[in-house]
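Worksheet: one structure, shown below.
Note that the structure is predicted; figures quoted are calculated from it, not measured.
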Amino acid sequence: MNRALFLLTAGLVMLLAGCEPAPPAAPERDEAAFWREQYFGAKVAQATDIKWRSTGLGIRILVPGEGKSPQLTDRVRVHYVGRLKDGTVFADSHSGKGEPSDFVVNRLIPGWAAAMPSLKPGGRAEFFIPPHLGYGGLQSGKIPAGSGLIFEVELLAVNPEK
């Protein structure tokens with residue numbers, strides 16, 4: 001009986017020895033904020049003047065503009081500068097000929113197409129485009145695969161004369 005009592009006591013001691021208080025729960029991570037920081041940097045991720053959509057697209061209106069916003073089938077005339085989070089410029093309509101570019105909205109990358117209706121002629125904005133609304137896992141020129149894209153866009157005209 002002493003042996004049975006000893007084994008029972010030893011088992012109870014081992015069971016209790018393995019019981020530690022549970023570690024504190026990790027704070028829940030804001031997944032959207034985490035990815036914004038990964039793609040665009042901490043300063044952008046924490047900015048309060050950027051409107052973030054559930055898709056991850058961010059829009060910062062710099063100059064509101066006036067008039068009719070473009071629709072998906074409209075042609076727009078824009079000046080733009082595209083850069084990566086580290087500041088690398090990969091596209092600039094001002095360089096070279098310095099001429100603005102004309103595009104049909106629904107023929108642009110999904111992030112641009114979704115953001116363009118937030119602008120009005122004469123308006124300027126920054127578009128923060130996550131990879132899945134840009135080039136995704138594809139490399140495109142100076143743009144590495146999986147990159148977030150930052151565009152400063154000035155809408156000059158909607159359906160301009162050719």
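- With hydrogens and angles ignored, the 3.5 Å screen pairs no side-chain donor or acceptor of S93 with any backbone N or O of S101.
- With hydrophobic clusters built from ILVMFWY side chains whose heavy atoms lie under 4.5 angstrom apart, I50 shares a cluster with W35.
- Judged by distance alone, the side chain of N159 and the main-chain N or O of R75 form a donor-acceptor pair under 3.5 Å.
- Using modelled atom types, no side-chain atom of H132 and backbone atom of G137 make a donor-acceptor pair closer than 3.5 Å.
- Listed by chain and number, the residues in a side chain to side chain donor-acceptor pair (under 3.5 Å) with N106 amount to none (sequence neighbours excluded).
- Counting heavy atoms from C-beta on, the side chains of P100 and V78 never come closer than 4.5 Å.
- In terms of the ring pair (Phe, Tyr, Trp, His ring centres under 6.0 Å) criterion, residue partners of H94 (sequence neighbours excluded) are, by chain and number, H79.
- Residues F103 and F90 are members of one and the same hydrophobic cluster, defined by side-chain heavy-atom contacts under 4.5 angstrom among Ile, Leu, Val, Met, Phe, Trp and Tyr.
- With values rounded to the nearest 0.5 angstrom, L84 atom CG is found 5.0 Å from S147 atom OG.
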- [ ] Please report the C-alpha distance between L133 and T55 in whole Å, then the side-chain angles of each, then the deciding distance to 0.1 Å, and finally whether the side-chain contact (heavy atoms from CB on, under 4.5 Å) criterion is met.
- [x] CA-CA 8 Å; L133 296 177; T55 60; 3.8 Å; yes
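- Taking the six-membered ring where the residue is Trp, the centroids of Y39 and F34 are separated by 6.0 Å or more.
- For CZ of R107, the number of neighbouring non-hydrogen atoms (other residues, nucleotides, ligands) closer than 6.0 Å is 12 at most.
- Between V44 and F128, some side-chain heavy-atom pair lies under the 4.5 Å cut-off.
- In this structure, F151 has its ring center at least 6.0 angstrom away from the ring center of F127.
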Task: side-chain contact (heavy atoms from CB on, under 4.5 Å) between L57 and I129, worked out - done: CA-CA 5 Å; L57 174 66; I129 302 174; 3.9 Å; yes
- [ ] Given salt bridge (charged side-chain N to carboxylate O under 4.0 Å, His left out), test D92 with R83 step by step and report yes or no.
- [x] CA-CA 9 Å; D92 186 348; R83 65 185 191 285; over 6 Å; no
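- Residues P110 and G134 approach most closely at CD-O, 4.3 Å, considering heavy atoms.
- A search for side chain to side chain donor-acceptor pair (under 3.5 Å) contacts involving R60 returns D49, E126, not counting sequence neighbours.
- Atom CD1 of I109 sits about 5.0 Å away from atom CG of L149, to the nearest 0.5 Å.
- Both M116 and L72 are assigned to one and the same hydrophobic cluster, defined by single-linkage of ILVMFWY side chains at heavy-atom distances under 4.5 Å.
- Closest approach of A113 and L108 over heavy atoms only: N-CB, 4.3 Å.
- The backbone N or O of Q38 sits less than 3.5 Å from a side-chain atom of K85, completing a donor-acceptor pair.
- The closest side-chain heavy-atom distance from Q139 to P144 is not below 4.5 Å.
- Residues Y80 and I61 share a hydrophobic cluster, clusters being chains of Ile/Leu/Val/Met/Phe/Trp/Tyr side chains in contact below 4.5 Å.
- Residues L155 and V76 have side chains in contact (heavy-atom distance under 4.5 Å, counting atoms from C-beta outward).
- Taking each heavy atom of K120 and P64 in turn, the nearest pair found is CB-O, 3.8 Å.
- Hydrophobic clustering (ILVMFWY, side-chain heavy atoms < 4.5 Å, transitive): L156 and L119 are in distinct clusters.
- Atom CD of E37 is separated from atom CG of D30 by 10.5 Å, given to the nearest 0.5 angstrom.
- With sequence neighbours left out, E152 forms a side chain to side chain donor-acceptor pair (under 3.5 Å) with R124.
- Checked against salt bridge (charged side-chain N to carboxylate O under 4.0 Å, His left out), K43 has no partners two or more places apart in sequence or in another chain.
- With sequence neighbours excluded, no residue forms a ring pair (Phe, Tyr, Trp, His ring centres under 6.0 Å) with Y135.
- Nearest heavy-atom pair across G146 and P131 is O-CG, 3.2 Å.
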